[in-house]
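First up is the structure itself, then whatever we jot down about it.
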Amino acid sequence: MGFLDHSTNNIILDAVLTNLGREALSRNDGSFEIFKFAFSDEEVDYGHIVHYGRTVGKEKIEKNTPILEAVTQGNLAQKYRTRTINNDALTRLPTLILIETLANNILTLSRTGNDGNPTSKQLSVQQSLQSGTLDPDLTDFSFRVMVDNLFLGISNRVPDSVDDNNIATYTVAANAAITAQNLSTIGMTFFARSVSNDLFDTYKQKGGSVVEKVVTVSGMNSGATLTFRIQIT
Amino acid sequence: MATYKELTSADKKTAKSFLNQLVDVIQEDISGSTTRKKYQVFVTGGVGPGVTSSLFQTVYDQDFSLQTSNAVFDLAVGIFSGSGLVATASTGQDSTGKLLFQSSSLMMREKISNYKQFAQLLLGDADSQFTAPFSNASATDKIDNAMFVCFKRLFSRDMIKKESFAMRFFTSASHHDRGAEATGKQSQKPNLNQTSESGSAIFTDVGASTNQESSFGGSVGNIVNSADTSNTVGLCFYEQGLCVFDIEKIISGGEHVSGVIDAMSNTSPFSVGVGKTLIGSYDVAAGASTGNSWNPNASFVPDLMVSASMDNIIDYLASARFSSGSNTAITFQNLTAINSTLIFCRATADEFNYSSNPTYVDGSTNKIRVIETGQEATQRAFCFLTTVGLYDANDNLLAVAKLSRPIEKNNEKDITIRVRLDF
């Protein structure tokens, strides 16, 4: 995947069907129907605005941000979507934080329970806002959680879908209690699946004895995202 | 808060456009043995070791053993079943109606079948005869011996563009003179393995747009000699990506032929090998009076067409008559119809002004980083767009488009991005 030519003043659009798009087209059952769109900004580093100010920072972003070609893997193509919020005077946006403290932001789970590590662990994710009250539109009443379905699961929940890369997507409702700042929390228990040694050895880190997977939690309303790692022993 | 926006029917349009690509085939790709693939599926029995031959050969754009090579076109020959040549060469029919030929002729039934196959495909009747010109043809315009050039779909695409086809071809053989004819002897120099150097002609479909004719096999144009456009030498079937040439006209069929060809033979004249024979030569030792064992007066048509295997004929046409060099031998433009869906992704001033990019918010203060400290009352958030995702109703990402540079989106700007999906 290379960069797009940005040497001309014309803005060129590089469009491709994703693997899901091609699959839908091949089904020939009308499932290829484009219904809505979303924008995103994966390449942009808004830190330029902090470093250079709005005027120069914008120019830096516009002119010095080469854009990569489109990828066809649907789950990788749009990581950071832009958002429409009715309030155009917002100065702060919520983030997501883990309430439990994890060493190096890594949770360790055991697939057997024989090595001193737990086979499951409850974690809580909370919306966070340093000060003030969150715009009610941005309170997350549900969250989307994506985990590797080969090695991990969420107790007592069934994934909405599992894609070709074995990424399971769960929708998890927030706890009923909403704080005075309009912030919500979810609790969920991650467990390690009891997989065979063969499968474990295939995916374990080179020279190591653990399989590491990334978990992504995103708020359905705020769009805020949190990622952390789980190591399976 | 929303990250998606639904599209209305007014946001989706369809359009059709056409793309032309120029295709060039160079001489040495046609003449070279490593770029021309044979499929030796035909095997004779009978006298000698037998003859193996292809029914057609494929020209590649590089060594066909390399995986990166692309097949450009197939080359085949055929003979019309009702031609005088077949009537003369045939010894009759068996009880099933199968044409019989002498063992000195080769693959006659296969050559006839090839012709019939193309006639059925292009003219709608296997017993029909090609004529060049396609319509208003006289008796001399009937094609008895045909060379078929069938371009692969990779290169011809939806069709060959009219009035874009041209082929450089050498109409005259090397050593075809009959200088020794006065003494009853033919030239001793073989020419089947000699690249032609004279009679270069450009065959083109000029005028095909003026008189747009059509046939059972789609639109058809006449291929003429560019030096004399009244001399029609073949036909181009545009949608089929296929050209038919009258061999007699393009190779000066009456010229003398001489050389070694495959044959059902258990002797080895001039030590050329068992299973081979000479054509157009005579036995010097036996003298002019008796030295006619190898058809000393042979010409390309009918002798080579009847006596040689398809591989021998195609080998000769490809290796000798297209010449061998880095010049263009065949060129044309193809045409591809592109059906496009245009999707207008419209963002009003109030939409898509915030980002979920992790660099957008300061993690310790939750402040939006594009609003400068102290300017919260006057500055409004903005973001940059680099990607457009097109989704179905179930949030499945069907297509993705990338902008070549980021575009700022703020609350004073509405943006329409037109995404074009080609099919």
Assert top hit (heavy-atom pairs under 4.5 Å, partner chain A, pool T365(B), I407(B), N394(B)) equals T365(B)

Which region of A24(A), side chain (C-beta onward) or backbone (N, CA, C, O), has a non-hydrogen atom less than 4.5 Å from a non-hydrogen atom of chain B, or is it both or neither? side chain

Note: vs chain B, highest number of non-hydrogen pairs under 4.5 angstrom among R54(A), E62(A), E42(A) is R54(A)

Counting heavy-atom pairs under 4.5 Å to chain B, which of T95(A), V16(A), L20(A), N87(A) comes out on top? V16(A)

Can you tell which of S364(B), C345(B), P358(B), A347(B) has the highest number of heavy-atom pairs within less than 4.5 Å of chain A? C345(B)

Give, for atom CG of L122(B) and atom CD of Q120(B), the distance between the pair rounded to the nearest 0.5 Å. 10.5 Å

On the 0 to 90° scale, with breaks at 30° and 60°, tag the F382(B)-F384(B) ring pair as parallel, tilted or perpendicular. perpendicular

When rounded to the nearest 0.5 angstrom, what distance separates CG in L152(A) from CD1 in I167(A)? 9.5 Å

In terms of heavy-atom pairs under 4.5 Å with chain A, the winner among N353(B), L7(B), T387(B) is T387(B)

In plain terms, say whether R229(A) and E212(A) are close enough for a salt bridge, that is, a side-chain N and a carboxylate O under 4.0 Å apart. yes

Counting heavy-atom pairs closer than 4.5 Å to chain A, which one of D11(B), L385(B), V361(B), I417(B) comes out on top? L385(B)

Check whether Y238(B) forms a cation-pi arrangement with K162(B) (NZ or CZ under 6.0 Å from the six-membered ring centre, at most 45° off the ring normal). yes

Considering only heavy atoms, which portion of E23(A) lies under 4.5 Å from any heavy atom of chain B: side chain, backbone, both, or neither? neither

Do T84(A) and E351(B) have side-chain N/O donor and acceptor atoms under 3.5 Å apart? no

Side chain from CB out, backbone as N, CA, C, O: work out which of these in T373(B) comes under 4.5 Å of a heavy atom of chain A, or both, or neither. neither

Could you tell me which of N75(A), I49(A), D41(A), V71(A) has the largest number of non-hydrogen atom pairs under 4.5 Å with chain B? D41(A)

For the candidates L25(A), D45(A), D135(A), T72(A), which exhibits the highest count of non-hydrogen atom pairs separated by less than 4.5 Å from chain B? D45(A)

Cut-off 4.5 Å, heavy atoms of chain B, and the answer for S161(A) is neither

Between CG on residue L93(A) and CG on residue D362(B), distance to nearest 0.5 Å: 11.5 Å

Check whether K12(B) gets within reach of chain A through its side chain, its backbone, both or neither, counting any heavy atom under 4.5 Å. side chain

Side-chain contact, heavy-atom cut-off 4.5 Å: V147(A) with F190(A)? yes

Heavy-atom pairs under 4.5 Å with chain A are the metric here; pick the option from G389(B), A393(B), A377(B), G363(B) that has the most. G389(B)

What part of N19(A) is in contact with chain B, defined as an atom under 4.5 angstrom from a non-hydrogen atom: side chain, backbone, both or neither? neither

Heavy-atom distance under 4.5 Å to chain B: side chain of I97(A), backbone, both or neither? neither

Look at E43(A) together with K402(B) and state whether they make a salt bridge at an N to O cut-off of under 4.0 Å. yes

Name the member of D163(A), I61(A), V50(A) that forms the most heavy-atom pairs with chain B at distances under 4.5 Å. I61(A)

Are D414(B) and R346(B) within salt-bridge range, i.e. N to O under 4.0 Å? no

Any ion pair linking R380(B) and E412(B) (charged N to carboxylate O, less than 4.0 Å)? no

Among D395(B), N396(B), D422(B), who wins on heavy-atom pairs under 4.5 Å with chain A? D395(B)

So what's closer than 4.5 Å to chain A heavy atoms on V370(B): side chain, backbone, both or neither? both

Given a strict heavy-atom distance threshold of 4.5 Å, which part of L403(B) is in contact with chain A: side chain, backbone, both, or neither? both

Between K58(A) and E408(B) (salt bridge meaning N to carboxylate O under 4.0 Å), is one present in this structure? yes

Are side-chain heavy atoms of T169(A) and P159(A) found at a separation under 4.5 Å? no

Non-hydrogen atoms of chain A under 4.5 Å away: do they reach the side chain of D392(B), the backbone, both or neither? both

